[in-house]
Structure formats: C-alpha cells, structure tokens
*Asks:* 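Quick one: this structure, given as structure tokens, is what I'll be asking you about.
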Amino acid sequence: MKDIKKKTFEVIENFSYKNAVELQKNLRKVLLKTEPIKFKSFPQLVAGCDVTFLNPYKTPTTAIASVVILNTQTLKSELITVEETEVNIPYIPTLLAFRELPVLIKVIEKTTEKLSHPIELLIVDGHGISHPRRLGIATHLGMVTGIPTIGCAKKILCGKHFKLGNKRGSISMLIHETEVIGAAVRTRTNTKPIFVSSGFKVKLPFAIKVTLKLAKYRLPEPTRLAHNSLVKYRRRLINEQSALF
DNA sequence: GCGACAG
DNA sequence: ATCTTGTCGC
C-alpha cells in the first residue's frame, strides 16, 4: 500500500477536483481486487478516530486528529493519541478524505509506534463505500494504512433506505443505484440512526455487528471517545492562545 | 438545468 | 466541522 500513500499525497500537494476524483476511481478498481479479512474472533482492541479543526470555516487552518484504542471487554480506552497538521484543502462533498487524511495518517502512525501489534480494526467518523464512487474516507484511509476499517457516519452522503423501527438494533439497508452500499443502524432506542458501511477489508454484516456491540450511546465508543478527546484538546488549545495577551 | 451533498 | 441556553423526552 506504499504506492497508494504516495499517490494520495501527490494529489493533496497539487490538489485539483479532477485529480482527486481520478484517484478515487483508480482506488476503487484496486479495492475490488482486495479480499476481505475473516475475523476469527471478536477483536480485544478496536480503534476509533476523528478530526476537528481550529477554525473549520477557514482554509488554511489547523487540523487535529485523535485515535482511541478501546478495550472491547470493558468499553474503556487504553490509549489516546492526538496530532496536529496544517491543512490547505477546504471541505468539498465527496472529497472529504483529501482534507482529513494527512492528519489521520500522522496520528495513526504515532499510535502504531506505541503499540506492540498493528491496529486490528479501525472505526472512522465518515463513510466507507457509501459514497458516490464507493470511496469514502474510511475506505481511503484503510487502503493507505492497510488497516481494516469501518465507516460510521451521522448523515447520508448518497443512497436511500426504508424506515427503521424505533428500537436499538433496528437496521435498514442503504441502497444507491440498486446496490447495497451500507446500512442505517439504530444504535439507541428513539435516537436517530447512524450509517454504517464497509471501509476496507471488512464486510457489512461484521461492520454492523461491531458497531452495535460497541455502541452504548448513538456513536460506537471508539469514535465517540475520540471525538470527546478532541473537544477537550481543542478547548485547551484555544484557552492557551487567548491567555497569551 | 436543479438540487443534494460525510466532516 | 463550531458557537450556544434552555428545553423536552426517555
């Protein structure tokens, strides 16, 4: 996957809409030749990641990313890593990955240095293949790092689904152009569903199973805790800055 | 042509 | 994605 990382940074460093879309289409072809992993047992540790920005409406700005390693038995975090990077690409629908990937790759590499084994499974805040070109950020990140990933988004990017039951565990397939691209999953009774999809090397049924097992609240614990850690980190950064004068 | 559009 | 108070419902 060394080549994929290189190509990704080439597009980011000389960014254009056309080149970004072209890379997604090429990665899609590679993905179709990739065999999913067979998980023999439920992983002991599952990672989750999220990104925030110092000023989300301004470009360039500072991107901050967090990875949480979660113990799936206790649902407690075992390790939290945060990293920062400058970003020059704005948010463009369907091209989110090009804005958030550099800081995510950085924080994942830092996390891996601290661990004795590679990350077995990673839940990403965003879509996997439930994307117009089937190449959302969760899929792209998995292909760059080689880590099996699951996409968990709070809103639909594309596709439709039938109504869900109101109870936790209710599911409805997300369909786009007659294809199943993911699922709307009710992780909490009487709460809006989230949208789960295969990212990299993980099949949809397992992605749904993991998501439901790790979701105490609306979002699965790995991504929820990653987001919480970023809220605290960002607040601290902003307080330090305003305390300077 | 128009609207929709993860974070 | 951020900011922001109270308010409603489980």
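Only a predicted model underlies this, so the values are computations on that prediction, with no experimental measurement involved. All chains are named by letter (A, B, ...) in the order of the sequence lines, taking the proteins before the strands, and each is independently numbered beginning at 1.
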*Asks:* Looking just at side-chain N and O atoms, do Thr94(A) and Arg133(A) make a donor-acceptor pair shorter than 3.5 Å?
*Replies:*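 Their side chains do contain a donor-acceptor pair, which is all the 3.5 Å distance test asks for.
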
*Asks:* Which part of the nucleic acid, if any, lies within reach of Asn55(A) when heavy atoms closer than 4.0 Å are counted: base, sugar-phosphate only, or nothing?
*Replies:*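 No contact at all - Asn55(A) keeps every heavy atom at 4.0 Å or more from the nucleic acid.
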
*Asks:* May I ask you to test the Asn19(A)-Asn14(A) pair for a side-chain heavy-atom distance under 4.5 Å?
*Replies:*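 Side-chain contact under 4.5 Å: no.
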
*Asks:* Of the nucleotides dA1(C), dC10(C), dA6(B), which one has an atom closest to the side chain of Pro56(A)?
*Replies:*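 Nearest nucleotide to the side chain: dA1(C).
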
*Asks:* Looking at dG7(B), dT2(C), dA6(B), which one has an atom nearest to any side-chain atom of Thr52(A)?
*Replies:*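 Looking only at side-chain atoms, Thr52(A) lies closest to dT2(C).
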
*Asks:* Could you verify whether a donor N or O on one side chain and an acceptor N or O on the other, from Gln44(A) and Thr72(A), lie under 3.5 Å apart?
*Replies:*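 No, Thr72(A) and Gln44(A) have no side-chain donor paired with an acceptor closer than 3.5 Å.
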
*Asks:* Base, sugar-phosphate alone, or nothing: which one does Ile156(A) contact when heavy atoms must sit under 4.0 Å apart?
*Replies:*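 Answer is sugar-phosphate: Ile156(A) comes under 4.0 Å of backbone atoms only.
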
*Asks:* Relative to the ring of Phe42(A), is the ring of Phe206(A) parallel (under 30°), tilted (30 to 60°) or perpendicular (over 60°)?
*Replies:*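 Rings of Phe206(A) and Phe42(A): tilted, 30 to 60°.
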
*Asks:* Please determine if a side-chain N or O atom of Lys154(A) lies less than 4.0 Å away from the OP1 or OP2 oxygen of dA1(C).
*Replies:*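 Result: yes.
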
*Asks:* Nearest to the side chain of Ile137(A), heavy atoms from C-beta on, is which of dA1(C), dC3(C), dA6(B)?
*Replies:*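 The closest nucleotide is dA6(B).
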
*Asks:* Indicate, with a heavy-atom threshold strictly under 4.0 Å, whether Leu95(A) touches base, sugar-phosphate, or nothing.
*Replies:*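 It contacts base atoms.
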
*Asks:* Taking the six-membered ring for Trp, does Tyr57(A) stack with dA1(C) (centroid gap under 5.5 Å, planes within less than 30°)?
*Replies:*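 Taking the rule of under 5.5 Å and under 30°, the ring of Tyr57(A) does not stack on dA1(C).
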
*Asks:* Any base atoms under 4.0 Å from Thr189(A), or only sugar-phosphate, or nothing? Heavy atoms, all strands.
*Replies:*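 Answer is nothing: Thr189(A) stays at 4.0 Å or more from every strand.
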
*Asks:* Compare side-chain N and O positions of Arg235(A) against OP1 and OP2 of dC3(C) and report whether any pair is under 4.0 Å apart.
*Replies:*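 Arg235(A) to dC3(C) OP1/OP2: no side-chain N or O under 4.0 Å.
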
